[in-house]
Participant: 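Pasting a structure below so you can have a look.
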Amino acid sequence: MNIIKAIKVCYDYVSRDENDQVISVTHALSDLDLEIEKGSFVCILGHNGSGKSTFARLLNGLSIPLSGTVLVTDIDTKNEDTLLTVRETAGMVFQNPDNQIIANVVEEDVAFGPENMGIPTEEIIERVDTALTTVSMQEFRDKSPNRLSGGQKQRVAIAGVMAMKPECIILDEPTAMLDPLGREDVLFTAHELNKNEGITIVLITHNMEEAVDADRVIVMDHGTVAMDGTPKEIFSRVEELRKLSLNVPEAAELSYELKKSGLPIRDGILTLDELVEALTELKK
Amino acid sequence: MIEARNLTHIYNEGTAMESCAFTDISFTINKGEFIGLIGHTGSGKSTLIQHLNGLMRPTAGTVYFEGEDIFADKYDLRALRGKVGMVFQYPEYQLFDETVLLDVMFGPLNMGLSKDEARERALSALRLSGLSEDKFESSPFELSGGQKRRAAIAGVLSMEPEVLILDEPAAGLDPGGRNEILELVANLRKERNITIILVSHSMDDVAKYADRIMVLNKGRLAFFDEPRAVFSHVEELEEMGLAAPQMTYLAQKLNKAGISVDPAISTVEEAKAEILKAFNVK
């Protein structure tokens with residue numbers, strides 16, 4: 001079953017001068033067709049300006065397509081009456097944790113979403129509890145978000161989205177500003193939510209290593225899908241990715257370079273462990 | 001060239017909010033060096049770099065630039081800020097003028113140069129930044145992410161700094177853009193002998209570019225050494241919320257599996273050479 005369906009979606013950014021005359025039009029998305037299966041972990045890659053973030057904003061109705069349709073659990077995001085349902089179904093986490101945290105206490109921040117949805121107080125308390133436990137931030141519940149590290153703040157932002165019990169969470173470069181530990185924290189949390197709660201994850205990232213464990217990798221270019229497949233399939237296309245200003249995980253890059261230098265190493269290596277295994281095999 | 005001596009910075013000293021950014025940090029950076037500065041979020045990196053061009057004053061200790069105490073009474077901090085240029089995180093948010101060229105001219109004009117001189121400086125800085133000439137008269141807001149980043153760096157280069165401090169200059173860029181910006185920085189060092197201090201969360205990037213790596217942990221200088229030496233402390237780095245580069249981990253795993261390679265490799269290039277050697281491939 002598909003949780004998200006984009007059909008022939010177009011989106012433009014139009015800039016106008018002070019007299020409201022159009023100066024330039026940028027086609028951010030053009031005729032994008034894309035379906036995302038419920039319960040899957042999907043990674044979206046693409047160079048700056050390829051349309052990734054625009055697509056993300058369409059998924060919970062922050063932007064509405066110029067033409068074409070975006071369906072979230074079969075609800076059209078264009079329909080204003082059901083917009084709230086769309087936003088409760090597809091939650092968003094953005095790049096900068098400081099821009100998404102609003103309350104002075106962690107638990108109040110997490111409660112903000114469900115409060116706005118009109119959930120009864122007792123259930124809110126329960127949801128906040130569960131959400132904070134899932135992201136391992138329970139011990140900080142009465143602390144000020146200001147005192148948290150970047151990774152911790154980002155986990156609070158994820159808990160805030162979780163408390164709305166979405167079926168799908170879209171994370172737009174959630175680790176770009178984090179140190180290695182914070183990065184690992186956020187990724188681990190996203191995978192746990194996917195595995196244990198069955199939440200569909202759409203992860204937008206510039207970090208190729210983060211895409212290795214996804215079910216599916218989508219590469220965007222010029223506002224449409226350029227490549228679509230498993231991490232193994234996508235990361236074997238090294239030259240194509242480089243042309244799109246992307247890269248491959250270092251283990252894959254090294255395997256590719258070794259092969260080019262004449263070492264008969266097998267294809268489809270994405271992780272260090274796979275590389276070590278293949279080299280050990282070769283040594284025999 | 002830059003020497004920090006017993007630097008300590010305490011925020012809100014003497015109040016209930018008192019908190020220590022870093023304590024008793026001493027180091028020397030030589031002319032033309034490429035320094036990588038790493039540390040977990042909140043380790044004091046950003047506070048530390050702001051002391052190096054006098055934007056912040058230490059609670060104790062001081063900084064010497066070319067032998068002179070920059071916090072001494074008569075020291076010309078304004079002139080120092082032209083010599084020690086700072087590129088902050090997401091510098092594109094600081095672009096403001098009508099055209100890229102005017103934006104880049106702002107620094108030299110502010111230093112008291114004439115319009116013609118400022119224009120010359122800006123043009124040469126823009127060329128150095130690698131932004132294509134047809135963008136010089138564009139509005140900064142029409143540029144792509146990577147181009148804006150170049151324009152912002154040109155704005156600092158136009159003051160012809162001897163030291164360039166960059167706080168996560170590649171954050172938010174795609175791998176291609178990231179590479180371009182880091183190569184630009186490496187070239188500034190190579191061609192202009194500009195001393196570079198690069199703050200980064202990417203161990204792989206600092207491993208690739210830096211001569212020496214400075215590691216801050218909880219407000220103390222944990223390591224300051226060549227990459228091979230720093231990344232041999234894998235466990236300590238992990239305890240600090242950091243990591244070693246991917247390729248250092250690979251070397252560990254290979255050695256454990258009986259394929260012997262230099263344990264201190266940190267880049268794909270080094271790993272490739274070592275593995276080919278181990279397999280006798282030429």
Participant: Report the distance from atom NZ of K256(B) to atom OG1 of T280(A), rounding to the nearest 0.5 Å.
Facilitator: 12.5 Å
Participant: Identify which part of Y90(B) has an atom lying under 4.5 Å from any heavy atom of chain A, answering side chain, backbone, both or neither.
Facilitator: side chain
Participant: Step through the shown structure and confirm whether more than 12 heavy atoms of other residues, nucleotides or ligands are within 6.0 Å of CG on N104(A).
Facilitator: no
Participant: Does E209(A) reach the side chain of Q246(B), with side-chain heavy atoms less than 4.5 Å apart?
Facilitator: yes
Participant: Supply the atom-to-atom distance N247(A) CG to R178(B) CZ, rounded to the nearest 0.5 angstrom.
Facilitator: 10.5 Å
Participant: How about CD on E257(A), more than 12 heavy atoms from neighbouring residues, nucleotides or ligands closer than 6.0 Å, or not?
Facilitator: yes
Participant: Please classify the contact between E269(B) and chain A as side chain, backbone, both or neither, with a heavy-atom cut-off of under 4.5 Å.
Facilitator: neither
Participant: Mind checking whether D273(A) and K253(B) have side chains closer than 4.5 Å, heavy atoms only?
Facilitator: yes
Participant: Who wins among L242(B), V268(B), L276(B) for the most heavy-atom pairs under 4.5 Å with chain A?
Facilitator: V268(B)
Participant: Of the backbone (N, CA, C, O) and the side chain (C-beta and beyond), which part of I259(B) lies under 4.5 Å from a heavy atom of chain A, both, or neither?
Facilitator: side chain
Participant: Should we say atom NE2 of H233(B) is surrounded by more than 12 heavy atoms from elsewhere, each under 6.0 Å from it?
Facilitator: yes
Participant: Is it the case that atom CD in Q89(B) sees more than 12 heavy atoms from other parts of the structure closer than 6.0 Å?
Facilitator: yes
Participant: Counting C-beta onward and ignoring hydrogens, is there a side-chain heavy-atom pair between M208(A) and P175(B) closer than 4.5 Å?
Facilitator: yes
Participant: Shortest non-hydrogen contact from L279(A) to F279(B)?
Facilitator: O-CZ, 3.4 Å
Participant: In terms of heavy-atom proximity below 4.5 Å to chain B, should Q95(A) be classed as side chain, backbone, both, or neither?
Facilitator: side chain
Participant: Sort out for me which of L250(B), V281(B), I38(B) touches chain A most, counting heavy-atom pairs under 4.5 Å.
Facilitator: L250(B)
Participant: Kindly indicate whether the side chain of L254(A), heavy atoms from C-beta on, has any atom under 4.5 Å from the side chain of M247(B).
Facilitator: yes
Participant: Identify the two heavy atoms, one from D174(B) and one from S245(A), that lie closest to each other, and give their separation to 0.1 Å.
Facilitator: OD1-OG, 2.8 Å
Participant: A side-chain contact here means heavy atoms from C-beta on lying under 4.5 Å apart; do L181(A) and H40(B) qualify?
Facilitator: no
Participant: Identify which part of E250(A) has an atom lying under 4.5 Å from any heavy atom of chain B, answering side chain, backbone, both or neither.
Facilitator: both
Participant: The test is side chain to side chain contact (heavy atoms under 4.5 Å, CB included); show your working for K272(B) and S261(A) and say whether it passes.
Facilitator: CA-CA 9 Å; K272(B) 180 181 162 188; S261(A) 304; 3.1 Å; yes
Participant: Within a 6.0 Å radius of atom CZ on F188(A), are there more than 12 heavy atoms belonging to other residues, nucleotides or ligands?
Facilitator: no
Participant: Indicate yes or no for a side-chain donor-acceptor contact from K283(A) to the backbone of A278(B) under 3.5 Å, with no hydrogens or angles considered.
Facilitator: yes
Participant: Could you measure the distance from the CG atom of L263(A) to the CD1 atom of I275(B)? Nearest 0.5 Å is fine.
Facilitator: 8.0 Å
Participant: Taking atom CD of E238(B) as the centre, does the number of heavy atoms from other residues, nucleotides or ligands within less than 6.0 Å exceed 12?
Facilitator: yes
Participant: Looking at G172(B), is its backbone amide N or carbonyl O close enough to the side chain of N48(A) to form a donor-acceptor pair, meaning the two atoms are under 3.5 Å apart?
Facilitator: yes
Participant: Side chain from CB out, backbone as N, CA, C, O: work out which of these in L282(A) comes under 4.5 Å of a heavy atom of chain B, or both, or neither.
Facilitator: both
Participant: Is the OH atom of Y93(B) crowded by more than 12 outside heavy atoms at less than 6.0 Å?
Facilitator: no
Participant: Using a 6.0 Å cut-off, check whether atom CD of E235(B) has over 12 heavy atoms from anything other than its own residue.
Facilitator: no
